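The structure appears right after this line, and notes come after that.
Being a predicted model, the structure only gives us computed values, none of them experimental. Note that ligands are numbered from 1 as they come in the structure, with each ligand's atoms numbered from 1 the same way.
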Amino acid sequence: MKQGIILDLDGVICDTAEFHYKAWKRLAAEYDLLLTHEHNEQLKGVSRADSLKLILDWAGRVLNPEQFNRDLDRKNGWYLELVESMNSKDLLPGVRDFFERAVRYNIPLALGSASKNARLVLSKVGLVDAFKGIVDASTVTNGKPHPETFLKAAELLNVASENCIVFEDSLSGIQAAKAANMYTVGVGIPQDLPLADEYVSNLGNYDFQTYLN
Ligand code: BG6
Ligand code: MG
C-alpha cells in the first residue's frame, strides 16, 4: 500500500516547463543553436547551470565563468518575466481535482523540484500550503538524476521510499525516483519517458483507486 505522493513542479503542476523551454531557446539562438523538442527533453529536470553546460556543449561554445553566470542570470530573467503574470488559473488540467482528491483520501503530498524558483511559482498558483514538505534546488546537494531530492521528500513525509509514488515529466526525474526505489508515474508519453511504471497525460487522469488498493 502506497502512503505518500511526491510531485515534480515544472510540467507536472503548471506549464512552467514551457517557460523554461522558451527562455533557453532564446539564449540558444544567440549561440546559433536551434533548440529542439529532443534537446528540451534532455533539459527537463536538470539544474539551471547543468542545463547551460549541455546547451553550450551542443552549440560547441565555450564561455568564461563571468559570461556563464551572466547568461544564467539573463535566462532566469526571461523565465521570471513569464512567471510574473501567473496566478491560480495557471495550473495544468486536472491539478486542482488531484489535490482535492488527495485531501479527501488523506494522502500526504511533498514537492520534489530541481528549481530555485519553486517556492515563487507555488506562491503564484496558490499551492505553497498544499504540501507537507517542499524540496527544491536550495535544499539538495545533488540534483536529479541523483535520488537525493526524492529521498529528502520521503523523509519530510515520514514515509518509506518504497511506499512513495513520484509524478514526473522528466527523464532525469524518473531516473532519480527509480534510484530512490520509488514507484513512478510519467506525466507524458512513453516515447519521452521510457522508464516510468505507468503514464498519465495529466494529473486529473490519475486513478486514486489504484493507489488505494
Ligand atoms: C526543473 C526544470 O524543474 O528546474 C528545468 O525542469 C530547470 O528545466 C530546473 O532548468 C531549474 O530551474 P530554475 O528555476 O532554478 O532555473
Ligand atoms: Mg518537470
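Protein-derived N/O/S atoms nearer than 2.8 Å to the Mg ion (ligand 2) total 3, waters excluded.
A salt bridge does not link D73 to R70: none of the charged nitrogens lies less than 4.0 Å from a carboxylate oxygen. Salt bridge annotation for K53-D57: absent, with no cationic side-chain nitrogen under 4.0 angstrom from a carboxylate oxygen.
Summarising the geometry, atom CG belonging to L203 is positioned 9.5 Å from atom CG belonging to L91; distances are rounded to the nearest 0.5 Å. Between the NZ atom of K44 and the NZ atom of K144 there is a distance of 12.0 Å, given to the nearest 0.5 Å. Rounding to the nearest 0.5 Å places CG of L122 at 10.0 Å from CG of D129. Here the NZ atom belonging to K152 is positioned 8.5 Å from the CG atom belonging to N142, to the nearest 0.5 angstrom.
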Contacts table for ligand 1: protein N or O within a distance under 3.5 Å of ligand N or O, distances only.
from     : atom 1 : to   : atom 2 : distance (Å)
ligand 1 : 3 (O)  : D10  : OD2    : 2.7
ligand 1 : 6 (O)  : G45  : N      : 2.8
ligand 1 : 10 (O) : V46  : O      : 2.9
ligand 1 : 14 (O) : S115 : OG     : 2.6
ligand 1 : 14 (O) : N117 : ND2    : 2.7
ligand 1 : 15 (O) : R48  : NH2    : 3.2
ligand 1 : 15 (O) : K116 : N      : 2.6
ligand 1 : 16 (O) : R48  : NE     : 2.7
ligand 1 : 16 (O) : R48  : NH2    : 3.4

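Checking each of I6, L111, V140, L151 against V135 for a side chain to side chain contact (heavy atoms under 4.5 Å, CB included) leaves exactly one that passes, namely V140.
When the side-chain contact (heavy atoms from CB on, under 4.5 Å) test is applied to I189, the partners found at least two apart in sequence or on another chain are Q191, D192. With sequence neighbours excluded, the residues forming a salt bridge (charged side-chain N to carboxylate O under 4.0 Å, His left out) with K178 are D197, listed by chain and number.
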